[in-house]
Amino acid sequence: MDDKDIKYFLEAALLAAGRPLNIDQLQGLFDGRMEPEKADIRKAIATLNDEYEERGIVISEVASGFRMQVKSAMADRLQKLWEERPPRYSRAMFETLALIAYRQPITRGEIEEIRGVSVSTNIVRQLLEREWVRVVGHRDVPGRPAMFGTTKGFLDYFSLKKLDDLPPLADLSDWESLRVQLDLPEVEEQDENDVPVLFPEGEHEPAADEELAVAKWPDTVG
Amino acid sequence: MDDKDIKYFLEAALLAAGRPLNIDQLQGLFDGRMEPEKADIRKAIATLNDEYEERGIVISEVASGFRMQVKSAMADRLQKLWEERPPRYSRAMFETLALIAYRQPITRGEIEEIRGVSVSTNIVRQLLEREWVRVVGHRDVPGRPAMFGTTKGFLDYFSLKKLDDLPPLADLSDWESLRVQLDLPEVEEQDENDVPVLFPEGEHEPAADEELAVAKWPDTVG
Amino acid sequence: MKPELTVLTPQDAPKPAQDEKQSPAQTEMPFAIVDGEPVTTLPQDLYIPPYALQVFLEAFEGPLDLLLYLIRRQNIDILNIPIAEITKQYVQYIELMNELQLELAGEYLLMAAMLAEIKSRMLLPRPPVEEDDEDDPRAELIRRLQEYERFKKAADDISELPRLERDVFVATAEAPERKHVTKLPDVSMKELLMAFHDVLQRAEMFSKLHLQREPLSVRQRMDEILARINARKFTGFADLFDPEEGRMGVAVTFIAILELLREAVIEVVQSVQYAPLHVRAASSVRLVSEEDE
């Protein structure tokens, strides 16, 4: 095993390990016969670091050994990598938010009654954490359930000056006019049977095609 | 930003990410002003791979994008790094996975029909939890059974770029000879669109990969 | 002497040898220990000692798999296998299982019945004219075996693909000062409205609930009133009205107060007759104002 082999083997080991490896561990990776001296290993690591001069990586020595890392100047420019993709809100979350917006103050029980299914604690927490809704009081019934209302933050997010600016309920029955009013994209014609069958609640990501499912309904919702 | 900068930035990004990044994600990492063309990114990746010729790493392209990985020759020698054995999977799981991969979208009932034995809930859960398969919809028949399909994660795990890259379904011609020898009638008339058995009512459009799976049939059946 | 037989569950299976890649065809882990020896592969012939039968059966993925095994292990060109012979062997297995009082899966019995039927048919003289294809169970059996074997093979092919964690390792480098930022999902008014539309439609379809289409301004005003009052002290009823809003505004405020009263969120009190009305949050209602959160 020549110097180059040792060098590239160590490089691959550190890149594959994803954790610091100490000199004994590095040495132990070699087959007995070709095991280099520790000094050779240190020399190889130094050589690698020289080669990395221009590159974005470096082998640094930390408490538990040698670790391959991205240089900090480079890491700064890579922040986007760690911006986690925003999770998608569920349909249940949107429905809950909409009910709070239009029917506030409203309790969780009342939301559940209208939706016909239970509202998970998680959804309520999401909405509270996002600071779109707040507890405005407690209803005087057993359990003293919290009543929810929307916040200024909610209005700000949707560029509304006041709740009044939410599209009036009545207009919801006329989806077409609402679409025009909100400047929503035109809905394509689609076969009746596709949409409802393939994407049941909860198991899908709300996609563009969902508009279609909704677009059909106005006639049924007097 | 010159070619070298682009190259080393991409290298650092792929190493820092530890997961496949597609060309859009790679491009998006650059500041708007210095954003290179996609072609330049591809070129830089090719150059890096040339430079890695002697080294133990390689950038490979899988379903979700480009992935920096340790070359397999090197990986064999690095087994000692991992104390834990890689997860092992049962044959039942692979058979189920194969049916989902080649015959998607497919329901559990359809899988059981072909395997001649029931599919345990455990196997389905394992596949879902590994995120190798997902529910792509529900068949519009009583019980509305879930239809399964594979994910990009599945392709990534097995170092495939697309479903087309799966090994072709075997052409088991001796079965055909057997059929002839036994003087059996033709098994079934099957033409190019032989999918109806498995995909009733045109609930999906056979994708390119399915044609691949089906393309072999005429020889053996027809 | 009856050998000791242990059927292993995946949990207590010993760490398998490195031979997975060499023999991926049958199983990935030893499925039994017979006489203390781990069994990792099926025998090359059909002579399976009865004591080991159970474990071998557990190695099969069902009756199709067993049948396929019997056919393939003949070590004879498949062309020369009379289906009757295979049937005989399969039925022997089933009988053996019965003798050993092994729990028999229904699928195995079903297959045995199907094979028995095929066998009996073959003993009958051939009908002079073409049989109806649909009625020939041999055709169906062969179709199923063929289909199953294709996927059994495909499963092997997939299991031999290079696998992350086993054959492929991702190369990573640590990024020291990385900050985790979780972006919040974007929500559009459209999504909100669609959800609302949806829930209204469901409510109307499935319940007697009739949502009133009241003007939002009342809800808004209810909100504003709630923000101004609290439970500890009284707020003048008249103070809630802003004459500058005009007749409409006053009416909206009034309806809002009535609505809050109806929902028992507020109380209106009067110390003596004709004294000014006062409003406060209902004793049982605790209001939280947005500012002091």
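The figures that follow rest on heavy atoms only: side chains count, while hydrogens, waters and symmetry mates do not. The sequence lines fix the lettering, A, B, ..., with proteins before strands; numbering per chain opens at 1.
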Pairwise distance CZ(C/R219) to CD(A/Q104) - rounded to 0.5 angstrom: 8.0 Å

From OG1 (C/T172) to CE (A/M68), nearest 0.5 Å: 9.5 Å

Closest approach of A/G18 to C/E174 (non-hydrogen atoms, all atoms of both residues): O-OE1, 4.5 Å

Side chain / backbone / both / neither for A/R19 at chain C, heavy atoms under 4.5 Å: neither

Under the side-chain contact (heavy atoms from CB on, under 4.5 Å) test, residues paired with A/N122 that sit two or more places apart: A/S120, A/R125

Atom CZ of A/F158: over 12 foreign heavy atoms under 6.0 Å: yes

Heavy-atom closest contact (C/D223 atom, A/L163 atom, distance): OD2-CD1, 4.4 Å

Nearest-0.5 Å distance, CD of residue C/Q220 to NZ of residue A/K162: 7.5 Å

Residues of residues 49-64 of chain A with any heavy atom under 4.5 Å of a heavy atom in chain C: A/I57

Interface moiety of C/E263 toward chain A, non-hydrogen atoms closer than 4.5 Å: both

